[in-house]
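Here the structure comes first, spelled out in structure tokens, and everything after it is commentary.
These figures come from a predicted structure and were not determined experimentally.
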Amino acid sequence: MSLCKIVAQAAVLWLVTSSTSALAQTASEIESLLRSWDPLDVKVEGRIATVKLPQDRITDTIYYASITAGFCLGPLLNVDVNDVSEVRILNRFGQQGWVFENEQGLCELVAKEPASRVKIMVAGHTHIF
């Protein structure tokens, strides 16, 4: 086996393990931000985070609270949430919920806005799952 091939295989292995550990760290950070909602499962695939909560149905109240008082608190707690472009807040079956489209820097804006405007900002970046 040539030296170039060995180096290439080592580089690929390093990239795979480092990206997997980064995804695990991101999932762990998101889970800690949403701990108050007792998530059953948090997965990060690429830039999409999927969070399953223990409820049978995710109401808009649960969704808005988990985004505004959970996920978007990340920047205030020194957790970088900009690597996640989409957060899916789903019921325990993973069949129903809401999706937050996290544009670059949106959570920083949400954290700084007065409470009267936060729901409008989040709603503008939300769609049904």
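Rounding to the nearest 0.5 angstrom, the gap separating the CG atom in Asp83 from the CD atom in Gln104 is 8.0 Å. The distance from the OH atom of Tyr64 to the OG1 atom of Thr59 is 10.5 Å, given to the nearest 0.5 Å. To the nearest 0.5 Å, atom CG of residue Leu77 and atom SG of residue Cys72 are 11.5 Å apart. Between Ser32 atom OG and Leu73 atom CG the span is 10.5 Å, to the nearest 0.5 Å. Remark: Gln96 CD to Gln55 CD distance equals 10.0 Å, nearest 0.5 Å. The distance from the CD1 atom of Ile30 to the OG1 atom of Thr50 is 9.5 Å, given to the nearest 0.5 Å.
Cluster annotation: Leu76 and Val122 are assigned to the same hydrophobic cluster (Ile/Leu/Val/Met/Phe/Trp/Tyr, side-chain heavy-atom contacts under 4.5 Å, transitive). Follow the hydrophobic side-chain contacts under 4.5 Å out from Val44 and you reach Val79 in the same cluster. A single hydrophobic cluster is not seen to contain both Ile128 and Phe93; linkage of ILVMFWY side chains at heavy-atom distances under 4.5 Å, directly or through other members, places them apart. Placement of Val87 and Leu40 in two distinct hydrophobic clusters is found when ILVMFWY residues are connected by side-chain heavy-atom separations under 4.5 Å, directly or transitively.
Relative ring orientation between Trp98 and Tyr63 is described as parallel, the plane-to-plane angle staying below 30° on a 0-90° scale split at 30° and 60°.
Side chain of Arg47 to main chain of Asn82: a donor-acceptor pair is present (N/O by atom type, distance under 3.5 Å, no hydrogens or angles). The backbone N or O of Val81 lies less than 3.5 Å from a partner atom in the side chain of Asn102, making a donor-acceptor pair.
Across Pro54 and Asp38, no two heavy atoms sit closer than the pair CD-O, 3.2 Å. Lys52 and Gly94 make their closest contact through CE-CA, 3.9 Å (heavy atoms, listed as atom of the first residue, atom of the second, distance). Phe100 and Cys107 make their closest contact through CE2-SG, 4.1 Å (heavy atoms, listed as atom of the first residue, atom of the second, distance).
No side-chain heavy atom of Val110 sits under 4.5 Å from any side-chain heavy atom of Ile67. Here the side chains of Phe71 and Val84 are in contact, with some heavy-atom distance below 4.5 Å. Met121 has its side chain out of reach of Thr68: every pair of non-hydrogen atoms, C-beta onward, lies at least 4.5 Å apart. Taking 4.5 Å as the limit, some side-chain heavy atom of Val51 sits within range of a side-chain heavy atom of Val42.
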Report the C-alpha distance between Arg88 and Glu86 in whole Å, list the side-chain angles of each, state the deciding distance to 0.1 Å, and finish with yes or no for salt bridge (Lys or Arg N to Asp or Glu O under 4.0 Å).
-> CA-CA 6 Å; Arg88 298 172 179 173; Glu86 186 175 290; 2.9 Å; yes
Start with the C-alpha distance between Ile89 and Trp37, add both sets of side-chain angles, then the distance that settles side-chain contact (heavy atoms from CB on, under 4.5 Å), and finish with yes or no.
-> CA-CA 11 Å; Ile89 305 292; Trp37 290 269; over 6 Å; no
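A salt bridge links Asp56 to Arg92: at least one charged side-chain nitrogen sits closer than 4.0 Å to a carboxylate oxygen.
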